[in-house]
Amino acid sequence: MAELRIYNSLTRQKEVFTPLVPGHVGMYVCGPTVSGESHLGHARPYITFDVVFRYLQTLGYKVRYVRNITDAGHFEEEGREATDKIAEKAKLEQLEPMELVHKYTRLFHWAMEQFNTLPPSVEPTATGHIVEQIGMIEQLIEAGYAYEVQGSVYFDVKKYAASHDYGKLSGRVIDELLTTTRELEGQEEKKDRTDFALWKAAAPEHIMRWQSPWGVGYPGWHIECSAMATKYLGKQFDIHGGGMDLLFPHHESEIAQSTICNHQTPVRYWMHNNMITINGRKMGKSYNNVIRLTELFSGTHPLLEKAYHPMTVRFFILQTHYSSTLDFSNEALQAAEKGLKRLWEAYQKLKKIDCAQKGASGNGSDEALTQTVNRLLGELHLFMNDDFSTAKVLANFFELVPIINAIYDGLTPTGALAASTLLHLQKEMTHWLETVLGLQGMEEGGHNKLEQVMNLLIDIRKEARGRKDFMTSDKIRDRLASVGIQLKDEKGGEMTWRID
RNA sequence: GGUCCUGUGGCCGAGUGGCUAGGCAGAGCUCUGCAAAAGCUCCUACAGCGGUUCGAAUCCGCUCGGGACCUCCA
C-alpha cells in the first residue's frame with residue numbers, strides 16, 4: 001500500500017504522513033464562530049476535513065478529530081467598537097448571548113448533518129475552556145512572552161521573533177509586519193503593533209465576561225485553539241486544518257503560543273483549504289456576497305436560480321482539489337447536480353445487478369474490460385494518498401458509469417465480467433462513494449407509501465401500454481411529471497421513477 | 001506598497017515533461033408508440049512572448065489578466 005502524502009503548508013511540500021503515535025491520528029480543525037448563520041464558505045473546510053477524517057479511518061487509524069465551537073466571540077481589534085462580536089449581535093436581536101450562540105450552534109449542526117459530515121470526536125467550546133485559556137496565558141506571562149496592561153494581556157511578538165521564527169507558516173517577515181501593519185486606534189496599550197491579545201479587559205457594557213487574574217474580561221481569539229488542541233490532543237499532534245484565510249494571524253499565533261507553553265512545535269502537518277469564491281470574489285461579510293446554507297438549500301437568495309441539495313454542494317466541493325479556489329456559479333452547481341445524479345443512478349443500478357446471474361464464473365470474461373475496471377478501482381487509493389485527490393477519484397467513477405450502465409442494460413454481454421469482479425465493483429463503489437467521500441442519494445427517505453402508490457400507477461400504466469392505450473399511459477406519465485416525478489420506461493418494459 | 005497563489009476547450013474543473021482526465025452544455029447516430037434515460041461518435045484546449053529540452057499545459061524569464069493574505073473571516 002502506497003503511503004499517504006499530505007501537502008504541508010508549513011514546509012510547502014507534500015510529505016509522507018507518519019503519525020506521532022503509530023495507529024493513531026490527532027487532528028484539530030478550526031470550527032465556526034457561532035455569532036451568525038453558517039454560509040457556503042463554511043461548507044468547504046468541514047466537508048474537506050470530513051473526508052480526511054473518513055479516509056484516515058478507512059486506512060485503519062484511530063482518529064481523534066477535534067473541532068471547536070467559537071462561542072466566546074472575538075475582540076474587534078481594530079478598535080472600532082470595543083465590544084465582543086457576539087454580545088453586540090445579541091443586543092440587536094434582543095437575545096441572551098448564550099441563547100444566540102446555541103441557536104447558531106444548532107443551525108450549524110443541522111447544516112453539517114445535511115452535508116452528511118461525521119461529528120467530530122470532541123467539539124469543545126471556547127466558553128467551556130476559559131480555565132484552560134487562563135492557565136495558558138499565565139504560563140506565557142511566566143515565561144516572559146506576555147505582558148499585562150490595564151487588565152488586558154498581550155503576546156510579545158517581537159520578543160518571540162527574536163528567538164523563534166514568527167512567520168514560518170504564513171511566510172510573513174516580522175520586519176515587514178512591523179512596517180506594514182496598519183496603525184490602529186485603541187492599541188496604545190500594546191508594546192508593539194504586531195502583538196496580539198490573549199486576554200481583553202471587558203468594558204462595562206460587555207455581556208460576556210469572566211473573572212481572571214487580570215480582572216474581568218474575555219479571551220483573545222487565538223488562545224482558545226491552542227488551549228483546546230493541547231488539552232485534547234497533547235503538546236504535539238499530527239494534523240491541524242482550517243481555511244487558508246486563517247493562516248495569518250490565527251495559525252501563526254497559535255504556533256507561537258503553543259511553542260512557548262509546550263516547548264515544542266505544536267503541529268506536524270498543517271493543512272489549509274482554499275476559499276470558495278462567488279464571481280471571482282471571496283465570500284465574506286465585507287463583500288456582501290454571503291450565501292447562507294439555509295438560503296442555499298431553499299434557493300432563497302438573489303444570486304441563486306434554484307435550491308441546491310446539500311449533496312450537490314458536497315459533490316461540487318469534492319470535484320475540486322481542496323487547495324484550489326472554487327468559484328461558485330449557478331451553472332457550475334447545476335452541472336454538479338446533473339453529474340451526481342448520473343453517477344448515483346449508475347451506482348443504484350449496479351446494486352441491483354445480480355452478480356451471480358450477470359457475471360461469468362470463470363472463463364469467457366472480457367479481459368480488457370476486466371482490466372479497465374480493476375485499473376480504475378486500483379487507482380483510487382493512489383489518488384487519495386496523493387493529498388486527498390477526491391476530484392480524480394470521482395473522475396474514475398465517471399469512467400465506470402458507462403460500463404455499469406451497459407451491463408445493466410444488457411448491452412455488454414452477460415459474463416463479460418466475472419461474478420467476483422462485479423461483486424468487487426459493488427463493494428468498492430459503496431466503500432469509496434459512501435464511506436470515504438460521504439456521498440448519499442438525493443432522494444428523500446421514507447417513501448414507503450409513495451412507493452406503493454407508484455407501484456400501483458406503474459401497474460395501471462403497464463396494462464394500458466399492453467393494450468396500446470397510449471393516451472392513458474401518457475396521461476399517467478405526464479401528470480406525474482407535472483408533480484415532479486419522472487417516469488422512465490426501461491428496456492424490457494420495466495418502469496422506474498425518481499423525484500426531480 | 002509587501003508576501004503568495006493563479007490564468008486550461010461554450011461553462012466548471014483534473015493534470016507528476018512525452019500517451020483522450022472528468023463533469024455540464026452542444027451536434028449526430030442507435031434503441032424507442034412517443035418521451036426520458038442509456039449506449040456509441042464528434043467538438044481536443046492549455047493567457048501572450050521568449051528560453052531550456054529530442055519533446056512543455058507541465059520547467060525558467062518577461063508581459064498582461066484574476067485572486068488571496070497583510071484587519072474579523074472557513
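In what follows, chains are A, B, ... by sequence order, proteins preceding strands, each numbered from 1.
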is_close_aromatic([X], [Y]), centroid dist under 6.0 Å:
X	Y	result
A:Phe196	A:Tyr154	no
A:Trp110	A:Phe115	no
A:His272	A:His251	yes
A:Phe315	A:Tyr308	no

Classify [X] by what it touches in the nucleic acid, base, sugar-phosphate, or nothing, heavy-atom distance under 4.0 Å.
X	value
A:Lys338	sugar-phosphate
A:Phe397	nothing
A:Ile276	base
A:Gln334	nothing
A:Ser324	sugar-phosphate

field: Partner residues of A:Glu15 under the side-chain contact (heavy atoms from CB on, under 4.5 Å) criterion, sequence neighbours left out
entry: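 With neighbours one apart ignored, the set is A:Asn8, A:Thr11, A:Gln13, A:Tyr269.
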
Whole-Å [atom1] distance, [N] and [M]:
N	M	atom1	answer
B:rA68	B:rA25	P	30 Å
B:rA57	B:rG7	C1'	11 Å
B:rU41	B:rG23	P	12 Å
B:rC11	B:rC19	P	24 Å
B:rC34	B:rC42	P	27 Å
B:rC54	B:rC43	C1'	31 Å
B:rU30	B:rG22	P	25 Å
B:rU58	B:rG15	P	15 Å

query: A:Asp327 and A:Thr277: side-chain donor and acceptor closer than 3.5 Å?
result: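 Looking only at side-chain atoms, A:Thr277 and A:Asp327 do form a donor-acceptor pair, the distance falling under 3.5 Å.
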
query: Does one side chain, of A:Thr472 or A:Asp474, offer a donor that lies under 3.5 Å from an acceptor on the other?
result: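 Not at all, the side chains of A:Thr472 and A:Asp474 share no donor-acceptor pair under 3.5 Å.
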
task: Would you check if A:Tyr46 stacks with the base of B:rA74, given a 5.5 Å centroid limit and a 30° plane limit, both strict?
output: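 A stacking contact does not exist, since A:Tyr46 is not both close and nearly parallel to the base ring of B:rA74.
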
- prompt: Under a cut-off of 3.5 Å for both distances of each Watson-Crick or G-U pair, what dot-bracket string does RNA chain B give, using [ ] for crossing pairs and | for inter-strand pairs?
  reply: (((((((..(((.....[...))).(((((.......)))))....(((((..]....))))))))))))....

For [X] and [Y], which heavy atoms make the closest approach, and how far apart are they?
X	Y	result
A:Cys30	A:Cys225	SG-SG, 3.9 Å
A:Leu296	A:Leu304	CA-CD1, 3.7 Å
A:Ser389	A:Asp386	OG-O, 2.9 Å

Taking only nitrogen or oxygen atoms into account, show me every contact under 3.5 Å that the protein makes with nucleotides 34-45 of chain B, one pair per line with its distance.
unit_1: B:rC34; atom_1: O2; unit_2: A:Arg477; atom_2: NH2; d: 2.6
unit_1: B:rC34; atom_1: N3; unit_2: A:Arg477; atom_2: NH1; d: 3.1
unit_1: B:rC34; atom_1: N3; unit_2: A:Arg477; atom_2: NH2; d: 3.2
unit_1: B:rC34; atom_1: N4; unit_2: A:Asp489; atom_2: OD2; d: 3.0
unit_1: B:rA35; atom_1: N1; unit_2: A:Asp489; atom_2: N; d: 3.3
unit_1: B:rA35; atom_1: N3; unit_2: A:Arg477; atom_2: NH1; d: 2.9
unit_1: B:rA36; atom_1: O2'; unit_2: A:Gln486; atom_2: OE1; d: 3.4
unit_1: B:rA36; atom_1: N1; unit_2: A:Asp489; atom_2: O; d: 3.2
unit_1: B:rA38; atom_1: O3'; unit_2: A:Asn405; atom_2: ND2; d: 3.0
unit_1: B:rA38; atom_1: O2'; unit_2: A:Asp409; atom_2: OD2; d: 2.6
unit_1: B:rG39; atom_1: OP1; unit_2: A:Asn405; atom_2: ND2; d: 3.1

- prompt: Can A:Tyr322 and A:Asp387 be said to form a side-chain hydrogen bond (donor to acceptor under 3.5 Å, both in side chains), step by step?
  reply: CA-CA 9 Å; A:Tyr322 71 86; A:Asp387 199 27; 2.7 Å; yes

Would you mind reading off the distance between [X] atom [atom1] and [N] atom [atom2], rounded to a whole angstrom?
X	N	atom1	atom2	result
A:Asp386	B:rA21	CG	C1'	14 Å
A:Ile223	B:rC72	CD1	P	16 Å
A:Lys306	B:rC24	NZ	C1'	13 Å
A:Asn274	B:rG66	CG	P	18 Å
A:Phe398	B:rA14	CZ	P	14 Å
A:His321	B:rG23	NE2	P	20 Å
A:Leu107	B:rA74	CG	C1'	17 Å
A:Glu379	B:rG22	CD	P	12 Å

field: Of residues 238-254 of chain A, the positions that come close to RNA chain B - non-hydrogen atoms, cut-off under 4.0 Å
entry: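 Under 4.0 Å from RNA chain B: A:Gly242, A:Gly243, A:Asp245, A:Leu246, A:Phe248.
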
message: Just to verify, what does A:Glu123 make a side chain to side chain donor-acceptor pair (under 3.5 Å) with, not counting sequence neighbours?
response: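 Here the qualifying residues are A:Arg67, A:His109.
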
- prompt: If you pin A:Arg12 and A:Met471 to their nearest nucleotides in RNA chain B, which one's is more 5'?
  reply: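 Comparing both residues, the 5'-ward one is A:Arg12.
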
query: Mapping A:Arg44 and A:Arg375 onto RNA chain B by nearest heavy atom, which one lands closer to the 5' end?
result: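 Upstream on the strand: A:Arg375.
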
- prompt: Are the side chains of A:Thr70 and A:Asn68 in touch, meaning some heavy atoms are under 4.5 Å apart?
  reply: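 In short, these two side chains touch, coming nearer than 4.5 Å.
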
query: Would the number of heavy atoms belonging to other residues, nucleotides or ligands and lying under 6.0 Å from CD of A:Gln486 be above 12?
result: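 Enclosed: over 12 neighbouring heavy atoms sit under 6.0 Å from CD of A:Gln486.
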
task: Find the distance between NZ (A:Lys351) and OH (A:Tyr408) and round it off to the nearest 0.5 Å.
output: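 OH of A:Tyr408 is found 13.0 Å from NZ of A:Lys351.
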
query: Phosphate oxygens OP1/OP2 of B:rA74: is one of them under 4.0 Å from a side-chain N or O of A:Arg67?
result: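 Checking B:rA74 against A:Arg67, no side-chain N or O comes under 4.0 Å of OP1 or OP2.
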
Protein-nucleotides 7-12 of chain B N/O pairs closer than 3.5 Å?
unit_1: B:rC11; atom_1: O2'; unit_2: A:Glu331; atom_2: OE1; d: 3.1

message: Looking at A:His321 and A:Ser323, would you say the former's side chain and the latter's main chain have a donor-acceptor pair under 3.5 Å?
response: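 At least one qualifying donor-acceptor pair exists.
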
